[in-house]
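By convention in this document, chain letters (A, B, ...) are assigned in the order of the sequence lines, proteins followed by strands, and residues within each chain are numbered from 1.
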Amino acid sequence: MFESEFERNLYALRQEKLKQLEALGQSAYPNTFAPPGDHPLITIPGIRAEYDSKTGERLEAERIPVAVAGRIMAIRQQGKAGFATLQQEGQRLQIYVRKDAVGDAGFELYKLLDLGDHIGVTGYLFRTRTNELTIHVETITFLAKALLALPEKYHGLSDVELRYRQRYVDLFMNGVLNEADSSEPEGSRTALPSHICQDQADVGHPAQEIRVRDVFVKRAAVLRAMRKFFDARGYIEVETPMMQPIAGGAMARPFVTHHNALDIDLFLRIAPELYLKRLVVGGFDRVYEINRNFRNEGISTQHNPEFTMLEFYQAYANYHDLMDLTEELVQFVAMEVNGTLTTHFNGVEIDLGKWERLTMREAIVKWWPEEFGPPPSMVAFEKSELLLHFLDEAFQHLQRNYPQISTPTREVQGVNVERHRELRSLLMLINGQRILLRGDSTPVIKAVMESLGLPTPADPLPALPQSLGQTIAGIFEAVAERRLIQPTIIYEFPLAVSPLSKQKPDEPEWVERFEFYIGGFELGNAFSELNDPEEQRRRFEAQLAERERGDEEAHQMDSDYVRALGYGLPPTGGEGIGIDRLTMILTGARSIRDVILFPLLKPQKTVISDQ
RNA sequence: GGACGCGUAGCUCAAUUGGCAGAGCAUUCGACUCUUAAUCGACAGGUUGAAGGUUCGAUUCCUUCCGCGUCCA
């Protein structure tokens with residue numbers, strides 16, 4: 001618990017102060033704050049809302065008696081008087097304590113207070129010479145002690161690691177997450193984590209300033225708005241298993257746990273999808289669930305092992321209906337949470353009122369990098385040989401005209417570094433494809449990639465795209481994903497990467513599926529649900545084959561789900577939306593850790609013992 | 001998993017070429033009845049993330065490890 005001797009001593013000292021407080025007739029840990037009836041208890045936000053607009057003259061004339069409680073965030077001693085700042089619910093109010101107003105005992109108590117202590121006061125409202133709304137204190141009631149020291153009052157807690165590990169401190173210190181102007185000299189309370197603001201200086205649209213606390217207030221508003229949206233449309237909210245015997249509904253590695261009494265392994269769910277569709281089979285035509293999913297994967301600014309997902313299903317709807325619904329939902333939530341459709345993310349202004357819709361193939365063509373020559377024609381997406389041939393030509397075009405791009409150096413002459421990174425991810429994919437075309441083995445693949453100056457993935461080599469569909473999806477991710485800053489719906493996905501979606505009637509290699517992107521990453525995934533049990537069984541079997549080829553993320557067989565489809569799933573559209581990521585977009589937070597109260601961190605090893 | 005960066009007092013940060021580890025806030029003591037990053041005076045606070053190496057001498061250079069961050073996979 002203690003970081004140092006210093007802290008241990010401080011703790012002991014403040015425990016001693018608690019004893020002195022008790023000697024003054026105060027309770028060290030009182031059960032409640034019960035001010036006398038003629039001083040109504042009011043919250044600090046309540047006071048601010050009601051009296052911020054009242055002038056000093058009016059306050060003096062009315063001499064309004066109040067009682068408030070709060071945490072002491074600042075103390076300014078003035079001899080036989082003093083000011084302090086109380087904080088409650090993220091808002092602050094100044095109090096003024098004079099020895100002649102609170103009496104000798106009251107002033108003794110006041111002098112025993114430390115930053116961080118909780119107190120209750122009674123008194124009346126007035127305005128100081130600088131016109132600040134202040135309580136002229138008459139009585140002080142001690143409520144609880146801070147035995148540990150608060151962080152530095154001006155900069156607050158800015159160490160990113162400490163902010164996450166000790167979120168309770170982060171929250172009451174009210175640090176600003178992203179400032180309106182990073183060069184602002186005065187008035188700012190808290191230094192920012194550098195990764196959040198580092199490149200806002202050179203862009204035209206600085207983020208709105210938002211406090212850590214407010215991010216989570218907004219997160220709650222997001223959830224409230226979503227429930228309001230779906231409840232109003234006749235959906236019912238359900239809860240389906242978090243522990244599942246088969247981790248289905250998505251392509252991801254699950255966490256495993258064990259049930260002792262039944263002696264079976266269970267998986268923390270990676271998605272609720274298959275259970276929700278069972279409910280649609282059962283006659284709940286419109287269902288939604290907001291809950292945690294767990295994926296045993298890496299951690300990044302966009303990934304936390306547990307994250308919150310909204311999933312909803314609507315019978316007699318298809319993916320086109322869901323596109324409309326998605327735009328409505330995001331706009332509704334934005335208005336409820338922010339009162340506006342514009343938001344600032346990563347230094348860019350995003351208009352949530354304007355959506356673009358592109359097929360995946362159109363997106364690849366639109367964002368195809370010119371360094372690789374002309375974009376593929378639509379025909380190239382039809383056959384593996386055609387696409388591989390095209391990629392081969394693109395590679396040669398690049399080699400002829402931009403030989404420097406395949407070099408691994410950071411400083412590439414004449415090529416923007418950001419651009420360089422993008423080109424290389426496509427290059428890597430293309431090389432994987434070309435090598436695959438020649439039937440090379442893993443060591444050969446690694447050697448070739450190394451010789452091309454491309455980063456070699458560690459063992460085991462991640463599964464290379466094995467099918468046309470996987471290649472197309474890979475190309476899309478490499479060329480388009482990070483450029484989709486303004487709201488964009490990407491629709492029509494390859495069958496090979498969509499084991500649960502319904503095929504397009506006219507193009508059976510493509511499915512009725514879309515994802516939507518804002519800020520350069522995926523926020524949601526939706527499709528017309530596959531409801532043919534025989535086709536579903538074949539898809540699962542194809543996935544099993546992928547799994548045997550080493551793709552640990554391939555979908556598992558779920559024969560009970562196939563059986564459920566056997567009873568008849570009506571035509572249904574379903575969608576999942578990442579709540580954390582949507583909250584990031586709506587608050588401007590650039591890391592998913594800034595919208596999750598307690599993000600997963602490695603446990604600390606060096607801890608000084610409590611004794 | 002890889003590359004790069006960071007880790008110094010409770011907090012926020014300094015420390016020139018490798019040469020006595022410092023400041024502000026907070027804490028402790030003192031002064032001050034309209035301050036607001038209050039002010040003024042004094043005291044105290046350190047195994048420089050850990051271990052090892054090079055050196056007369058390491059916060060600084062090297063190696064390994066731990067934690068965090070960013071980018072990549």
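- Not a single salt bridge (Lys or Arg N to Asp or Glu O under 4.0 Å) links A/Lys99 to another residue, sequence neighbours left out.
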Treat a base pair as Watson-Crick or G-U wobble with both distances under 3.5 Å, then lay out RNA chain B in dot-bracket form, 5' to 3', with | for cross-strand pairs. (((((((..((((.....[..))))..((((.......))))......(((((..]....)))))))))))).
Pairs: protein N or O with nucleotides 8-10 of chain B N or O, under 3.5 Å:
from: B/G10; atom 1: OP1; to: A/Ser4; atom 2: OG; distance (Å): 3.1

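- When the C1' atom is used for both B/U59 and B/A14, the distance is 11 Å, rounded to whole Å.
- Listed by residue number, A/Arg76, A/Gln77 are the residues of residues 45-77 of chain A with a heavy-atom contact under 4.0 Å to RNA chain B.
- The line from OH of A/Tyr124 to OH of A/Tyr96 is 9.5 Å long, rounded to the nearest 0.5 Å.
- For the side-chain hydrogen bond (donor to acceptor under 3.5 Å, both in side chains) test, residues two or more places apart in sequence or in another chain that qualify with A/Thr139 are A/Thr122.
- The salt bridge (Lys or Arg N to Asp or Glu O under 4.0 Å) search around A/Asp159 returns none, not counting sequence neighbours.
- Among residues two or more places apart in sequence or in another chain, the side-chain hydrogen bond (donor to acceptor under 3.5 Å, both in side chains) test is passed with A/Asp52 by A/Arg48.
- Remark: A/Arg165 is in phosphate contact with B/C68, judged by side-chain N or O atoms under 4.0 Å from OP1 or OP2.
- Not a single ring-ring contact (aromatic ring centres under 6.0 Å, His included) links A/Phe216 to another residue, sequence neighbours left out.
- Separating the C1' atom of B/G22 from that of B/U16 is a span of 14 Å, rounded to the nearest Å.
- Backbone-only contact: A/Lys602 has heavy atoms under 4.0 Å from sugar-phosphate atoms and none from a base.
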Do any side-chain atoms of residues 60-78 of chain A form donor-acceptor pairs under 3.5 angstrom with protein atoms, and if so which ones, sequence neighbours left out?
from: A/Glu62; atom 1: OE1; to: A/Lys54; atom 2: NZ; distance (Å): 3.2
from: A/Glu62; atom 1: OE2; to: A/Lys54; atom 2: NZ; distance (Å): 3.4
from: A/Glu62; atom 1: OE2; to: A/Arg58; atom 2: NH2; distance (Å): 3.4
from: A/Arg71; atom 1: NH1; to: A/Gly116; atom 2: O; distance (Å): 2.9
from: A/Arg71; atom 1: NH2; to: A/His118; atom 2: NE2; distance (Å): 3.4
from: A/Arg76; atom 1: NH2; to: A/Gln94; atom 2: OE1; distance (Å): 2.7

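- For A/Asp100 against B/U33, a side-chain-to-base donor-acceptor contact under 3.5 Å is present.
- As rounded to whole Å, 14 Å separates atom P of B/U35 from atom CG of A/Asn131.
- Spacing between atom CD of A/Glu477 and atom P of B/C72 amounts to 13 Å, rounded to whole angstrom units.
- In this view, A/Thr128 and A/Thr130 satisfy the side-chain hydrogen bond (donor to acceptor under 3.5 Å, both in side chains) rule, not counting sequence neighbours.
- Toward the 5′ end of RNA chain B lies the nearest nucleotide of A/Thr85, the other residue of the pair A/Arg593 and A/Thr85 mapping further downstream.
- Listed by first then second residue, pairs satisfying salt bridge (charged side-chain N to carboxylate O under 4.0 Å, His left out) with a partner in residues 140-151 of chain A read A/Asp114-A/Lys145, A/Asp117-A/Lys145, not counting sequence neighbours.
- Take A/Glu515 and apply the side-chain hydrogen bond (donor to acceptor under 3.5 Å, both in side chains) test, not counting sequence neighbours, and it matches A/Arg513, A/Tyr517.
- Straight-line distance from the NZ atom of A/Lys17 to the P atom of B/A26: 13 Å, rounded to whole Å.
- Regarding contacts with the backbone of B/U12, a side-chain N or O of A/Ser158 is found under 4.0 angstrom from either OP1 or OP2.
- Using a 4.0 Å heavy-atom criterion, one finds that A/Phe107 contacts no nucleic acid atom at all.
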